[in-house]
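Only one structure is covered here, and it is reproduced in the block below.
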Amino acid sequence: MIQIKLHNTKTRRREPFAPADPAHVKLYVCGPTVYDRAHLGNARTVVVFDTLVRLLRHLFPRVTYVRNITDIDDKINARAAETGEPIGEITARTTSWFHNDMAALYCTPPDIEPRATGHIGDIIALIERLIARGHAYAAEGHVLFAVATDAQYGKFSGRSPEELLAGARVDVATYKRDPGDFVLWKPSPPDLPGWDSPWGSGRPGWHIECSAMIHATLGETIDIHGGGADLIFPHHENEIAQSCCAFPGSELARVWVHAGMLQVNGQKMSKSLGNFRTVQDVLGEAPGEAVRFLLLKTQYRGVLDFSTAALAEAKRELDRFYRALEKHADPAPAATPPAAFIEALADDLNTPGAIAELHALADAAMQGNAASAASLRAAGELIGIFNQTAGQWFRGDVADDARIDALIAERLAARRNKDFARADAIRAELAAAGILLEDGPGGTIWRRA
RNA sequence: GGUCCGGUGGCAGAGUGGCUAUGCAGAGGACUGCAAAUCCUUGGAUGUGGGUUCGAUUCCCGCCCGGACCUCCA
């Protein structure tokens, strides 16, 4: 059995991964707040954890992957106030967009996809539990978590209470006992979504929903908790505080894995810089497989710099892989990917190292090694590429290629007659239409640029 | 200001206390009517100054640079 090693944010080191129950790995990843199109940063996190889940499924008999949808949030409320569209419509549509975008990147849906609105009862119960244990208090319709009651608070993200205070950028509400206290529940005016609670009509704060949904779907302690690196503080710090105080003895998650940030052309992706790239937008430039592959070309913890040039390069690499597969008539995948490939992935999800193995397999396949082609297919499928045949990759599911075939036949005749001017004219005509011709020993084949 | 992460060849991007991946691009060649694809060959890197060591890109310290986070951004 290959040993997976993962960089654990909690300990800041790479550790052997051993699930509490080897027969059942439990993993939770923070999902999107549904108020707008998914951007490439969202996509990176989802692709990274999808790849981790694929690896875990390869090595463990059962994996339960939970990823939530945050459908209660002030950004959603703000969007509704702006556009006048009902909140329910915004969240339903955005959730549907998200599902479609992630499917286009070949991400497997989570086993369970809880929504905050579906767990209000669990959230209220958890808050009551925290109040009962003295870790939270009600004040002016709010319920706040009292950070002073948690000796461990700040430890996870490596912050002291003083540091937290020094950098605080918000005005401290008067009803807080401690400036670091955060909201578990807040009152909702009649025009905002609200649920009845012991503290009046209100809505949950952000962090509490994850604690509640993890407990409801997976239990007190899970194996892996994931998300983007920007969630380490405050979101994950607060989740840990809530869950561990509510359930003494629980660790919430034994291993914390965080995906690095994504930049665009060397700059932080932000709306003010105007370089915000949505998944939808990028899918117009390249196939979903190329986008996914690009996202995996950088090890997950590093900063990934997205650019159009990098996307084009990712596509060229896939072109070569598909050529290697096509040479062997789209072989069935080998029973299992090569050990070197799995070992690279198991080493803290070293996808660049794994991809280097893919290139080695493609080289061997190009030289005529059929077993390597089958291994290449198996390895690629494990990380979510090679979701189509080489023919589909190069030519698409075209039905009207009779015209192309006719032109190729005409060109072949011209070449036989040494009428190279005509032959080249036909090639140029097809090239203008995005069709590239390749003359090989087996005849002429075409592909889309 | 604080905490953390990182600085590798033209670009992207790994590993490693000694033998330095991989890809793209470039150069030369083979093949081709010409191309494309493929194959062969090839140049090219570890921010900076110290320290530890027989030996450091790899470990430690300073400096410079970049990035993330510091109450609701994945």
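Convention: sequence-line order gives letters A, B, ...; per-chain numbering from 1.
Straight-line distance between the P atoms of A36(B) and U57(B): roughly 41 Å, to the nearest whole Å. Taking the P atom of each, A14(B) and U8(B) are spaced 11 Å apart, rounded to whole Å. A45(B) and G23(B): their C1' atoms are spaced 16 Å apart (whole Å). Across C69(B) and A37(B), the matching P atoms stand 41 Å from one another, rounded to whole Å. Spacing between U16(B) and U58(B) at atom C1', rounded to whole Å, works out to 6 Å. Comparing the same atom, C1', in A12(B) and in A25(B) gives a spacing of 10 Å after rounding to whole Å. C19(B) and U38(B) have their P atoms separated by 32 Å, with the value rounded to a whole Å. Comparing the same atom, P, in G28(B) and in U22(B) gives a spacing of 23 Å after rounding to whole Å.
The shortest distance between side-chain heavy atoms of N68(A) and P114(A) falls below 4.5 Å. Between L304(A) and L40(A) the shortest side-chain heavy-atom distance does not fall below 4.5 Å.
Judged by distance alone, with hydrogens and angles left aside, D424(A) brings a side-chain donor or acceptor within reach of the base of G33(B), the pair sitting under 3.5 Å. In this model, a side-chain donor or acceptor of H39(A) finds a partner on the base of A74(B) within 3.5 Å. Remark: the D439(A) side chain and the C34(B) base include a donor-acceptor N/O pair separated by less than 3.5 Å.
In the set A74(B), G33(B), A14(B), the nucleotide with an atom closest to the side chain of R411(A) is G33(B). Side-chain proximity of A356(A) to the nucleotides A74(B), G23(B), U22(B) is greatest for U22(B). Comparing C39(B), G33(B), A37(B) by their closest approach to the side chain of R447(A) singles out A37(B). Checking A14(B), C69(B), U38(B) against the side-chain heavy atoms of P352(A) singles out A14(B) as nearest. In the set G67(B), A25(B), A36(B), the nucleotide with an atom closest to the side chain of E438(A) is A36(B). When the nucleotides G33(B), A14(B), A74(B) are ranked by their closest atom to the side chain of M269(A), A74(B) comes out on top. In the set C24(B), U71(B), A37(B), the nucleotide with an atom closest to the side chain of F182(A) is U71(B).
Of the residues near RNA chain B, P234(A) and M261(A), the one whose nearest nucleotide (by heavy atom distance) lies more toward the 5' end is P234(A). Mapping R14(A) and R427(A) onto RNA chain B by nearest heavy atom places R14(A) at the nucleotide closer to the 5' end.
Judged by distance alone, with hydrogens and angles left aside, the side-chain atoms of Q299(A) form a donor-acceptor pair with the main-chain N or O of D348(A) at under 3.5 Å. Using a distance-only test at 3.5 Å, with no hydrogens or angles considered, a donor-acceptor pair links the side chain of K176(A) to the main chain of D181(A). Checked by atom type and distance alone, the side chain of S211(A) pairs as donor or acceptor with a backbone atom of E239(A) at under 3.5 Å.
As rounded to whole Å, 17 Å separates atom P of U32(B) from atom CZ of R416(A). Rounded to a whole Å, the CZ atom of R415(A) is 13 Å from the P atom of A35(B). Taking atom CG of L358(A) as the reference point, atom C1' of G13(B) lies 15 Å away to the nearest angstrom. Residue F420(A) contributes atom CZ, which lies 10 Å from atom C1' of U32(B) at whole-angstrom precision. Rounded to an integer number of Å, the gap from K297(A) NZ to G23(B) P is 11 Å. Whole-Å rounding puts the E313(A) CD to G23(B) P distance at 11 Å. G13(B) atom P lies 12 Å from atom CD of E317(A), rounded to whole Å. The separation between H359(A) atom NE2 and A25(B) atom P is 11 Å, rounded to whole Å.
The residue G41(A) sits close to a base: some heavy atom pair falls under 4.0 Å. Within 4.0 Å (heavy atoms only), G260(A) reaches at least one base atom of the nucleic acid. Looking at heavy-atom distances under 4.0 Å, L436(A) makes no contact with the nucleic acid at all. Within 4.0 Å (heavy atoms only), Q367(A) reaches sugar-phosphate atoms of the nucleic acid but no base atom. The residue L262(A) sits close to a base: some heavy atom pair falls under 4.0 Å. Within 4.0 Å of K186(A), counting heavy atoms only, lies at least one base atom of the nucleic acid.
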| request: Begin with the C-alpha distance, continue with both residues' side-chain angles, and end with the deciding distance and a verdict on ring pair (Phe, Tyr, Trp, His ring centres under 6.0 Å) for Y300(A) and H258(A). | output: CA-CA 8 Å; Y300(A) 76 92; H258(A) 290 96; 9.5 Å; no
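A salt bridge between R411(A) and D439(A) is present, with a side-chain N of the basic residue lying under 4.0 Å from a carboxylate O of the acidic one. Using a 4.0 Å cut-off between charged nitrogen and carboxylate oxygen, R37(A) and D281(A) do not count as a salt-bridge pair.
In this model, the phosphate group of C39(B) is approached by a side-chain N or O of R320(A) to a distance below 4.0 Å at OP1 or OP2. Distances shorter than 4.0 Å separate some side-chain N or O of K268(A) from OP1 or OP2 on C69(B). Taking 4.0 angstrom as the limit, K75(A) places a side-chain polar atom (N or O) nearer than this to OP1 or OP2 of C73(B).
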| request: Taking Watson-Crick and G-U wobble pairs with both distances under 3.5 Å, convert RNA chain B into its dot-bracket string, 5' to 3', dots for unpaired and | for cross-strand pairs. | output: (((((((..(((.....[...))).(((((.......)))))....(((((..]....))))))))))))....
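In terms of heavy-atom proximity, S157(A) sits nearest to F233(A) at OG-CD1, 3.3 Å.
Annotation: cation-pi pair R177(A)/Y137(A) present, NZ/CZ under 6.0 Å from the ring centroid and within 45° of its normal.
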